[in-house]
**Q** 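Once you've had a glance at the structure underneath, I'll fire off some questions.
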Amino acid sequence: MKKLTILFTILFTVLLSSTASFSQEPEKGKAVKLEFKVDGVCDMCKTVIENAAYVKGVKMASWDKMSGNMTVMYRPDKTNEDAIRQNIAKAGYDTDKLKATDEDYAKLPNCCKYRDGLEKH
Ligand SMILES: [Cu+2]
C-alpha cells in the first residue's frame, strides 16, 4: 500500500510539473508588436500604408506621417514580418528592409512621391 502511495505521489508531481511548463509557453493566438520605418509623405500615404499592413493575422496597424514609424500588432501563428513588409512595398512604399520596385513606386499619385524629396504635408 505504501508503494502505491509513492507511485501516486510521483504521478501527481509529474502531472503538476507538466501543467506548469505548459502554461509557460507563449499563449496561442497572442499578438506581438512589430515596429519599423516606412517612407511616405501625406495622409493619403497613411491610409494606403496602413491598409497594406493589414494582411491576414494583423490586429492593428498604425503609421506616423512625421516620423515614418510603423507599429503593427500581429499574430505570429498567422503571418510574419516579411509578409507585412512585402505587402507595403507592393503598395509602392519603401520599408526599412524591403524597398518598393520602381514599377510599384511609379503607380503612386504625384503628391505621394516620397523619393523626390517632397515636404511632408
Ligand atoms: Cu501621400
**Q** For the atom pair OG (Ser62) and CE (Met70), what is the distance rounded to the nearest 0.5 Å?
**A** 7.0 Å
**Q** Please report the shortest heavy-atom distance between Ala53 and Ile84, naming the atom on each side.
**A** O-CG2, 4.1 Å
**Q** Looking at Asp77 and Lys30, does any basic side-chain N land under 4.0 Å from a carboxylate oxygen?
**A** no
**Q** Measuring from atom CG of Leu98 to atom NZ of Lys90, what distance do you get when rounded to the nearest 0.5 angstrom?
**A** 11.5 Å
**Q** To the closest 0.5 Å, what do you measure between CD (Glu81) and CG (Leu34)?
**A** 4.5 Å
**Q** Check Gly92 against Ala100 and note the closest heavy-atom contact, atom names and distance.
**A** C-CB, 3.5 Å
**Q** With side chains defined as the heavy atoms from C-beta onward, is the minimum distance between Lys65 and Cys45 less than 4.5 Å?
**A** no
**Q** Over all heavy atoms of both residues, which pair between Lys113 and Ala106 is shortest? Give the atoms and the distance, please.
**A** NZ-O, 3.2 Å
**Q** For residues Arg85 and Phe36, determine if any side-chain heavy atom of one lies less than 4.5 Å from a side-chain heavy atom of the other.
**A** yes
**Q** Run the side-chain contact (heavy atoms from CB on, under 4.5 Å) test on Trp63 and Ile88 for me, step by step, so that the C-alpha distance in whole Å, both residues' side-chain angles and the decisive distance to 0.1 Å come before the verdict.
**A** CA-CA 11 Å; Trp63 179 75; Ile88 294 171; over 6 Å; no
**Q** Which residue in the set Asp104, Leu108, Asp39 passes side chain to side chain contact (heavy atoms under 4.5 Å, CB included) when paired with Tyr93?
**A** Leu108
**Q** Kindly indicate whether the side chain of Met60, heavy atoms from C-beta on, has any atom under 4.5 Å from the side chain of Thr71.
**A** yes
**Q** Would you give the length of the straight line joining atom CE of Met73 to atom CD of Glu35, rounded to the nearest 0.5 angstrom?
**A** 10.0 Å
**Q** Of all the heavy-atom pairs spanning Lys59 and Ala31, show the shortest one and how long it is.
**A** CG-CB, 4.1 Å
**Q** Looking at NZ of Lys46 and SG of Cys112, how far apart are the two atoms once the value is rounded to the nearest 0.5 Å?
**A** 13.5 Å
**Q** Keeping Lys107 on the side-chain end and Glu103 on the backbone end, is there a donor-acceptor pair under 3.5 Å?
**A** no
**Q** Which atoms form the tightest heavy-atom contact between Lys37 and Ser67, and what is the distance?
**A** NZ-O, 3.1 Å
**Q** So which heavy atom on Gly57 is nearest to which on Lys78, and how close?
**A** CA-CB, 3.6 Å
**Q** Do the side chains of Tyr114 and Asp94 get nearer than 4.5 Å, heavy atoms only?
**A** yes
**Q** For the side chain of Asn69 and the backbone of Asp64, is there at least one donor-acceptor N/O pair under 3.5 Å apart?
**A** no
**Q** Heavy atoms, side chains only, cut-off 4.5 Å: are Tyr105 and Arg115 in contact?
**A** yes
**Q** Can you tell if the side chain of Thr79 reaches within under 4.5 Å of the side chain of Lys56, non-hydrogen atoms only?
**A** no
